[in-house]
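Heads up: the structure comes next, in structure tokens.
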Amino acid sequence: MSVVFDAGRRFDLHVPVLIIGAGACGLVAALAARDAGAEALVVERDATPAGSTALSSGFIPAAHTRFQRASGIADSPAQFAADIQRKNHGEADARLVEAVCQASGPAIEWLADRHGVEFVLVEGFLYPGHSALRMHAVPEKTGAALMAALQRACAAAGVDLLASGRVTTVYADTARRVRGVELERPDGSSEAVGCDALVLACSGFGGNPDMVRQHIPEIASALYFGHVGNQGDAVRWGAALGAAVKDLTAYQGHGSVATPHGILITWALLMEGGIQVNADGARFSNEHAGYSEQCLPVLEQPGGVAWSVYDERLHRLGLEFEDYRQAHSLGAIKRGATIEAFAAACGLSAAGLRATFADVERCAAAEARDPFGRDFTTKPRLAPPYYGVKVTGALFHTQGGLLVDERACVLDSRGLRFPNLFAGGGAACGLSGAHVWGYLSGNGLLSAVTLGRLAGQSAVVLAR
Ligand SMILES: Cc1cc2nc3c(=O)[nH]c(=O)nc-3n(C[C@H](O)[C@H](O)[C@H](O)COP(=O)(O)OP(=O)(O)OC[C@H]3O[C@@H](n4cnc5c(N)ncnc54)[C@H](O)[C@@H]3O)c2cc1C
């Protein structure tokens, strides 16, 4: 990965807007550029575009949408921004957070109304830290279906996609204007594409163990559950061009990946009454603090594993999710008619689990306070038969990246814009501050979709 300052470089072809990466950010940026009247070419290293977007649950938070209003949900960009800032303890750039929240609702409605991406509001449970139901998903509620819908929209809008092309080099002139890129084909051949504007939509560095070790050692030995293609290219090119990078220590972790199956188990089970215990049957954290930061306490338990424990009511809720159904069909979900039978099915200490259930009962009856700070009084108590799944903690994606402004323009350390360089999604610095606990559910696709749209628009309007 390199940057070459060469004002005289000749290119095989030239496009107005060039986008690196065909995940949610890149495809949305391309749609926005097309709507603004420009030709857009998306270059993707994989033969079939997927990215972390296809691996995700595909839940995109957005405020004050017609989907929310149809369900009687009151919400506003300001309320959404306050939730994001509360979660990250005010560490993120307030102006960027406000701009993204403001643009979030219009982005979802634009994708639905102009580009035929069908959305539903995800109802039935709130993710940690959200004060309103605001997750929007395609009806299948999977990231793969979201990717398929975005690809259909791109094809209909006339976006050009060049797959199996890994961009290796960015060419710029000495006035910091990007002139084009070189990409490598699987057979070793290369092509050079010139552009008027470049959008970096090639996500973060979760798939690059050296960069993770360097910037986020606390999660370096954990399972990486995101897309392997996310090698930190945007950060490396940006830094070589003189762009500012921020919050490289930030990431989205997760405390609920079924092991050894490697399947995401929805956090809704824990938000609606489930608990997490270790092999001794003991709880070790407040499960409602957030699923991102929960990766660390789970990894600290013996063997680096924990069990999510719930009941029939929550098992039914789980069955609404494709990945949970998959885990169930693979035998990851254990069941027991009593605490003892369930503990035996999972290999847990029955005495420990019985004591934990008794403690939780007292908290639910408001006779005791949970030492970890969770409120057990608002959800139904767990009842037999019991269900559960063995889980581990994982790194999902990195949240730090290139510093951008409210129009997704890449900035240098003095806050000055690069004339024709834009970034969004995992390539840009996120909205989560500098720590794992700063990630509010949905910050990933929020940045991919909303900053992606802003980047596509700005690439046409500002780079002229
Ligand atoms: C299991 C899981 C569940 C998640 N669930 C959610 C959720 O429900 N809601 C949410 O908000 N977030 C979720 N996330 C996070 C979310 O998936 C990401 O934040 C989001 O997909 C990032 O989008 P992106 O377009 O920036 O990157 P990606 O979707 O990863 O796309 C980047 C693309 O760039 C390509 N690329 C990289 N380098 C190059 C190069 N040099 N040349 C060409 N192409 C390149 C990659 O191959 C990739 O296709 C989840 C993540 C995981 C792993």
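Computed from a prediction, not measured in an experiment: that's the story for all the values here. Indexing begins at 1, ligand by ligand and atom by atom, following the structure's order.
At a heavy-atom distance under 4.0 Å, only side-chain atoms of His397, from C-beta outward, approach ligand 1. Neither the backbone nor the side chain of Thr168 comes within contact range of ligand 1; no heavy atom lies under 4.0 Å. By the criterion of a heavy-atom distance under 4.0 Å, both the backbone and the side chain of Arg45 are placed next to ligand 1. Residue contacts with ligand 1, taken as heavy atom pairs separated by less than 4.0 Å, involve Ala448 solely via side-chain atoms from C-beta onward. At a heavy-atom cutoff of 4.0 Å, ligand 1 is contacted by the side chain of Gln252 but not by its backbone. Looking at Leu183 against ligand 1, nothing comes within 4.0 Å, counting heavy atoms.
Within ligand 1, counting atoms from 1 as listed, the ones closer than 4.0 Å to a heavy atom of Trp237 are 41 (N). Heavy-atom proximity to Ile20, at under 4.0 Å, picks out these atoms of ligand 1: 40 (C), 42 (N), 43 (C). Ligand 1 places these atoms under 4.0 Å from at least one heavy atom of Gly58: 8 (O). Remark: ligand 1 atoms within the under-4.0 Å shell around heavy atoms of Val43 are 43 (C), 44 (N). Close contacts of ligand 1 with Gly226, meaning ligand atoms under 4.0 Å from a residue heavy atom, involve 53 (C). Close approach of ligand 1 to Gly21 (heavy-atom distance below 4.0 Å) involves ligand atoms 33 (C), 34 (O), 35 (C). Close approach to Phe59 involves these atoms of ligand 1, each under 4.0 Å from a residue heavy atom: 7 (C), 8 (O), 9 (N), 10 (C), 11 (O). Remark: ligand 1 atoms within the under-4.0 Å shell around heavy atoms of Gly51 are 28 (P), 29 (O), 30 (O), 31 (O), 48 (C), 49 (O).
On a distance-only criterion, Phe396 and ligand 1 share no N/O pair closer than 3.5 Å. Any N or O atom pair closer than 3.5 Å counts here, and Leu55 shares no such pair with ligand 1. Geometrically, ligand 1 and Asp233 share a nitrogen or oxygen pair separated by less than 3.5 Å. The shortest N or O to N or O distance between Gly425 and ligand 1 is not below 3.5 Å. For ligand 1, one of its N or O atoms has an N or O atom of Cys25 under 3.5 Å away.
For the atom pair His328 NE2 and Lys334 NZ, the distance stands at 10.0 Å (nearest 0.5 Å). For the atom pair His136 NE2 and Leu121 CG, the distance stands at 5.0 Å (nearest 0.5 Å). With rounding to the nearest 0.5 angstrom, the CG atom of Leu133 is 11.5 Å from the OH atom of Tyr127. Considering CZ of Arg177 and CZ of Phe5, their distance stands at 14.0 Å, rounded to 0.5 Å. Remark: Lys87 NZ to His89 NE2 distance equals 7.0 Å, nearest 0.5 Å.
Salt bridge present: Arg134 and Asp83 bring a charged side-chain N and a carboxylate O closer than 4.0 Å. A salt bridge is defined here as a Lys NZ or Arg NE, NH1 or NH2 lying under 4.0 Å from an Asp or Glu carboxylate O, and Arg325 with Glu320 fails to meet this definition. Salt-bridge annotation for Arg95 and Glu406: present, with a side-chain N of the basic residue lying under 4.0 Å from a carboxylate O of the acidic one. Between Arg34 and Glu39 there is a salt bridge, since at least one side-chain N of the basic residue sits less than 4.0 Å from a carboxylate O of the acidic one. Salt bridge Asp93/Lys246: absent, no basic N to carboxylate O contact under 4.0 Å.
If you check the side chains of Tyr251 and His215, you find no donor sitting under 3.5 Å from an acceptor. No side-chain N or O of Arg179 forms a donor-acceptor pair with one of Tyr171 less than 3.5 Å apart. Using modelled atom types and a 3.5 Å distance limit, the side chains of Asn88 and Ser432 yield no donor-acceptor pair.
Contact annotation: Tyr439 has at least one heavy atom less than 4.0 Å from an atom of ligand 1. Distances shorter than 4.0 angstrom do not occur between any heavy atom of Pro49 and any atom of ligand 1. Within the 4.0 Å heavy-atom cutoff, Tyr127 does not count among the residues contacting ligand 1. Using a non-hydrogen distance threshold of 4.0 Å, Arg166 registers as a contact of ligand 1.
Outside the 6.0 Å centre-distance limit, the rings of His254 and Phe225 are not counted as a close aromatic pair. Two rings, from His397 and Tyr439, have their centers less than 6.0 Å apart.
Atom 47 (O) of ligand 1 has Glu44 OE2, 2.7 Å as its closest protein atom, hydrogens excluded (heavy atom only). Remark: minimum distance from atom 11 (O) of ligand 1 to any protein heavy atom is reached at Leu445 N, 2.7 Å. Counting protein heavy atoms only, atom 19 (O) of ligand 1 is closest to Gly444 CA, 3.2 Å.
His435 and Trp437 have parallel rings, their planes meeting at less than 30° on a 0 to 90° scale where 60° marks the start of perpendicular.
Ranked by closest heavy atom to atom 6 (C) of ligand 1, the top entry among Gly26, Ser56, Ala428, Gly452 is Ser56. Selection from Ser203, Gly442, Ala234 by nearest heavy atom to atom 27 (O) of ligand 1 gives Ser203. Atom 26 (O) of ligand 1 has its nearest heavy-atom neighbour, among Ser441, Gly165, Gly426, in Gly426.
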